[in-house]
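What follows is one structure encoded as structure tokens, with my remarks underneath.
A note on names: the letters A, B, ... follow the listed sequences, proteins ahead of strands, and every chain is numbered from 1.
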Amino acid sequence: MTLRLYDTATRDERDFAPLTPGRVGIYLCGPTVQGSPHVGHLRAAVAFDVLQRWLERSGYQVTLVRNVTDIDDKTLVKAAEAGDDWWAWALRHEREFQAAYAAVGVKPPAAEPRATGHIPEIVALIARLVENGHAYAHEGSVYFDVRSFAEYGALTRQALDALSPATDSPSEDKRDPHDFALWKARKDDEPTTASWDSPWGPGRPGWHIECSAMSQRYLGDEFDIHGGGLDLRFPHHENEQAQSRAAGYGFARLWMHSAWVTQSGAKMSKSLGNGLLVSEVLAAHEPAALRLALAAVHYRSMLEYTPSTLDEASAQWARFQGFVARASEKVGAPSLEDVAAAALPDAFVEAMDDDLAVSRALAVIHETVRAGNAALTAGDDAAVAAALMSARAMLGVLGLDPAAPEWAAEKAGASDAAMSALDFLVQADIAARAAARAAKDWGTADAIRDRLAGAGIVIADAADGARWSLASEG
RNA sequence: GGUGGAGUGGCCGAGAGGCGAGGCAGCGGCCUGCAAAGCCGUAUACGUGGGUUCGAAUCCCAUCUCCACCUCCA
């Protein structure tokens, strides 16, 4: 079985074959930290986190680099408007992004390079482009000469003459309106902290060059996969590829792009309101439910976000969690090592190998959980154990194993000590209720249950006694 | 204008010539003192008009609608 991935550049799926056997290098365009993260940002991160997990599960050693664009026009403008230093503004939002990624279980990347930390690499790359005739300096700025590079437009099939002009700098400074800035000369109204020395004078990097420079530093002249959101295809990725290839490097061998989160069919953006900021969504829903909602739709399909999206995901998450909890109680919880080594159902593997068809993979998980629940009812412990192992292994690939460390202690964020204290108190109520039920005193039994429910504690009766759990958030 | 994507049942979403993925919600049942959870069963479908075919949501032609990138964007 071979993993097949869709390549944006060729617009078809093909067998994935890494540059170096057994190893995969991925460069992912991370956030421009000029604002707070919203759900759409997380979708891209989750999509590539699932890719990383699937590659790792398939036996590859993955090096995923996700950059941070910590300086750009907008960061400078927004920080200035807020009366803040741009670097403090950027770092504050970078921390918000990191917290959001961690909340939904996105693995930390192998490297998280910042543009401002790689000025020497950027300058060297620009100098190389100037030397070989693909870039030119003008009044302290340097531009990429798109007409000098025949391949320009290859990634996204753009014909230069049909494009609107690039507006990242005044067009009168450029040989061709589509030329874009590699180095931007310092402007008088910009803070001196936003400028670095270069052979062309003080200034700062253009938007696209950082990714060319940083991917090369961490992943080499050529690497396996370059990822990012759909909106980055043009001009960002097109320009990255042009720079790197014009400089003589192989650059990305495969391009993957994740689609939007939409509302009523339209791309989510800040102008639609901030109800979709990660911080607000997580105030009302469990992080795992958000991850599930974002991962459930194929990464190249638009994900329609409706008011019930998170409720549905929460219901599914509760189903997974419930089965894992009940099954583990019955047959014991396998170790993480055993789960990681467990066999995966063929249908699941086929789905994941088919360009990460998570929706289909999820269907297999649901079928496994249903069989496991049935086995639980039937008292077939062997079948329960098999379903538990299989379900956790599959959920783990999606980063959603309820018993994995990132989620195991999630419930209300309560500490072990607090939970054990609460258990002590609730057990007294459960005992009292059991006595009332034995006496068929339903009024008392229901009153106890209602009182606990009022405190956010859910009681569920079973043949071998009652269990309690904290009500799900949201 | 250039480039690309999408229209599937109440909702979210897979699929891509022939046994109606899966989930959520609904309905009926089992279980339960009642619930919850779980299990079993179940209705409603492929934008529109033509065509090809024994057979089309899936192929072809036409058409309508929506979305995105080309300006910062996951």
Side-chain angles (χ1 to χ4, degrees), chain A residues 8 11 28-32 34-35 37-48 69 72-75 77-78 97 153 156-168 178 207 227-236 238 257-262 264-270 292-294 296-309 311-316 318-319 322-323 325-326 347 351 357-367 369-378 437 440-443 445-446 449-450 453 458-463 466-467 469:
Chain A
T8 305
R11 288 186 306 174
L28 179 57
C29 275
T32 302
Q34 40 107 343
H38 63 242
V39 171
H41 292 117
L42 243 35
R43 186 189 184 190
V46 168
F48 287 97
T69 299
D72 80 318
D73 294 352
K74 232 170 187 174
T75 304
V77 169
K78 285 193 172 181
F97 271 90
T156 52
R157 265 157 260 278
Q158 304 293 334
L160 270 178
D161 295 320
L163 285 171
S164 307
T167 56
D168 65 341
H178 307 297
W207 175 35
L230 205 50
D231 45 5
L232 297 178
R233 278 180 311 178
F234 193 91
H236 186 53
E238 187 71 65
H257 294 278
S258 60
W260 315 130
V261 176
T262 58
S264 301
K267 179 185 179 184
M268 177 190 294
S269 73
K270 286 180 184 142
L292 179 54
L294 294 174
V297 178
H298 185 97
Y299 74 93
R300 285 193 286 115
S301 297
M302 300 299 168
L303 190 168
E304 175 67 11
Y305 191 98
T306 73
S308 62
T309 298
D311 292 335
E312 288 179 20
S314 296
Q316 285 192 55
R319 177 174 158 81
F323 168 66
R326 288 189 300 273
V358 172
S359 299
R360 274 193 278 148
L362 215 41
V364 180
I365 297 177
H366 274 109
E367 281 156 15
V369 168
R370 192 188 327 116
N373 275 323
L376 225 30
T377 306
R437 292 182 71 212
K440 297 201 188 296
D441 178 0
W442 310 128
D446 289 351
R449 186 168 63 192
D450 291 347
V458 180
I459 294 295
D461 295 321
R467 271 184 203 81
S469 61

*Grab the two heavy atoms, one from A/Ala259 and one from A/Leu230, that are nearest each other, plus how far apart they are.*
CA-CD2, 4.2 Å

*asked:* Taking the P atom in each of B/rG47 and B/rG15, what is the distance between them to the nearest angstrom?
replied: 15 Å

_Using the P atom as the point on both nucleotides, what is the distance between B/rC19 and B/rU44, in whole Å?_
15 Å

*Just how far, in rounded Å, is P of B/rC30 from CG of A/Leu376?*
22 Å

*How far apart are the closest heavy atoms of A/Ala313 and A/Leu292, and which atoms are they?*
O-CD2, 3.5 Å

*Send over the distance from A/Leu230 CG to B/rC70 C1', rounded to a whole Å.*
13 Å

*Who pairs with A/Ala363 by side-chain contact (heavy atoms from CB on, under 4.5 Å), at least two apart in sequence or on another chain?*
none

*asked:* My understanding is that only residues two or more places apart in sequence, or in another chain, count here; which of them pass side-chain hydrogen bond (donor to acceptor under 3.5 Å, both in side chains) with A/Asp450?
replied: none

*Could you pull out all residues at least two apart from A/Glu238 that satisfy side-chain contact (heavy atoms from CB on, under 4.5 Å)?*
A/Tyr152, A/Leu155, A/Thr156, A/Phe234, A/Gln241

*Between A/Ala357 and A/Ala371, just flag the one whose closest nucleotide in RNA chain B comes earlier from the 5' side.*
A/Ala357

_Rounding to an integer number of Å, can you tell me how far A/Met302 CE sits from B/rA74 C1'?_
11 Å

*In whole angstrom, what separates A/Phe234's CZ from B/rA68's P?*
18 Å

_Least distance between heavy atoms, A/Gly228 atom then A/Phe48 atom_ = N-CZ, 3.5 Å

*asked:* I need the CZ-P distance between A/Arg300 and B/rG13, as an integer number of Å.
replied: 16 Å

*Consider only side-chain N and O atoms of A/Ser314 and A/Asp311, and report whether a donor and an acceptor are under 3.5 Å apart.*
no

_Mind checking if A/Ala296 touches a base, just sugar-phosphate, or nothing, with heavy atoms under 4.0 Å?_
nothing

_Can you classify the ring geometry of A/Phe97 versus A/His41 as parallel (below 30°), tilted (30 to 60°) or perpendicular (above 60°)?_
perpendicular

_Integer-rounded Å distance: B/rU8 P and A/Glu304 CD_ = 11 Å

_Using a 4.0 Å heavy-atom cut-off, does A/Val261 contact any base of the nucleic acid, only the sugar-phosphate backbone, or nothing at all?_
base

*Exercise: identify the closest heavy-atom pair between A/Val39 and A/Met268*: CB-CE, 4.1 Å

Below 3.5 Å is the cut-off: list the nitrogen or oxygen pairs between protein and nucleotides 33-36 of chain B, distance only.
unit_1 : atom_1 : unit_2   : atom_2 : d
B/rG33 : N7     : A/Arg437 : NH2    : 3.3
B/rG33 : O6     : A/Arg433 : NH2    : 3.2
B/rG33 : O6     : A/Arg437 : NE     : 3.4
B/rG33 : N1     : A/Asp446 : OD1    : 2.9
B/rG33 : N2     : A/Asp446 : OD1    : 3.4
B/rG33 : N2     : A/Asp446 : OD2    : 2.8
B/rC34 : O2     : A/Arg449 : NH2    : 2.6
B/rC34 : N3     : A/Arg449 : NH1    : 2.9
B/rC34 : N3     : A/Arg449 : NH2    : 3.2
B/rC34 : N4     : A/Asp461 : OD2    : 2.9
B/rA35 : N6     : A/Asp461 : N      : 3.4
B/rA35 : N6     : A/Asp461 : O      : 3.3
B/rA35 : N1     : A/Asp461 : N      : 3.1
B/rA35 : N3     : A/Arg449 : NH1    : 3.2
B/rA36 : N1     : A/Asp461 : O      : 3.4

*Scan A/Ser301 against the nucleic acid and name what it touches under 4.0 Å (heavy atoms): base, sugar-phosphate only, or nothing.*
sugar-phosphate

*In whole angstrom, give me the gap between the P atoms of B/rG26 and B/rA74.*
38 Å

*Within less than 4.0 Å of OP1 or OP2 of B/rC69, is there a side-chain N or O belonging to A/Lys267?*
yes

_Going by ring pair (Phe, Tyr, Trp, His ring centres under 6.0 Å), name the residues that satisfy it together with A/His298, two or more places apart in sequence or in a different chain._
none

*Where are the stems of RNA chain B, defined as at least 3 consecutive Watson-Crick or wobble G-U pairs with both distances under 3.5 Å?*
B:1-7 with B:64-70, B:10-12 with B:22-24, B:26-30 with B:38-42, B:47-51 with B:59-63

*asked:* By the 4.0 Å heavy-atom rule, please label A/Asn373 as base, sugar-phosphate, or nothing.
replied: sugar-phosphate

*Would you classify A/His257 as touching base, sugar-phosphate or nothing, given that sugar-phosphate means primed atoms plus P, OP1 and OP2, and contacts are heavy atoms under 4.0 Å?*
nothing

*With sequence neighbours left out, write down each residue that passes side-chain hydrogen bond (donor to acceptor under 3.5 Å, both in side chains) with A/Glu304, or none if nothing qualifies.*
A/Thr262

*Within this structure, what is the CG-to-C1' distance between A/Leu232 and B/rU71, rounded to whole angstrom?*
14 Å

*Counterpart residues, side-chain contact (heavy atoms from CB on, under 4.5 Å), relative to A/Glu312 (two or more places apart)*: A/Ser308

*To the nearest Å, how far apart are A/Ile365 CD1 and B/rG13 P?*
18 Å

_Pairwise P distance for B/rG18 and B/rC60, with rounding to whole Å_ = 15 Å

_B/rU71 and B/rC12, which share atom name C1', separated by this distance in whole Å_ = 33 Å

_Separation between the P atoms of B/rU48 and B/rG9, rounded to whole Å_ = 10 Å

_I'd like to check the side-chain contact (heavy atoms from CB on, under 4.5 Å) partners of A/Val358; sequence neighbours left out, ordered by chain and number._
A/Val50, A/Met352, A/Leu398

*Could you encode protein contacts along nucleotides 21-28 of chain B as a string, one character per nucleotide from 5' to 3', using B for base contact, S for sugar-phosphate-only contact and - for no contact, with a heavy-atom cut-off of under 4.0 Å?*
BSBB----

*Quick one: side-chain hydrogen bond (donor to acceptor under 3.5 Å, both in side chains) partners of A/Asp461, sequence neighbours excluded?*
A/Arg433, A/Arg437

*Quote, to the nearest angstrom, the P distance that separates B/rG55 from B/rA62.*
23 Å

*Classify the nucleic acid contact of A/Gly40 as base, sugar-phosphate or nothing, counting any heavy atom under 4.0 Å across all strands shown.*
base

_With rounding to the closest Å, how many angstrom separate the P atoms on B/rU58 and B/rU53?_
16 Å

Identify each atom pair where a protein N or O and an N or O of nucleotides 1-3 of chain B are less than 3.5 Å apart, giving names and distance.
unit_1 : atom_1 : unit_2   : atom_2 : d
B/rG1  : N2     : A/Ala162 : O      : 3.3
B/rU3  : O2'    : A/Thr156 : O      : 3.1

*For A/Gln34 and A/Lys78, test the side chains for any donor-to-acceptor distance below 3.5 angstrom and give the result as yes or no.*
yes

_On the nucleotide B/rA74, are OP1 or OP2 found under 4.0 Å from the side-chain N or O atoms that A/Thr32 carries?_
yes

_Show the nearest heavy-atom pair for residues A/Leu232 and A/Cys29, with the distance to one decimal._
CD1-CB, 3.5 Å

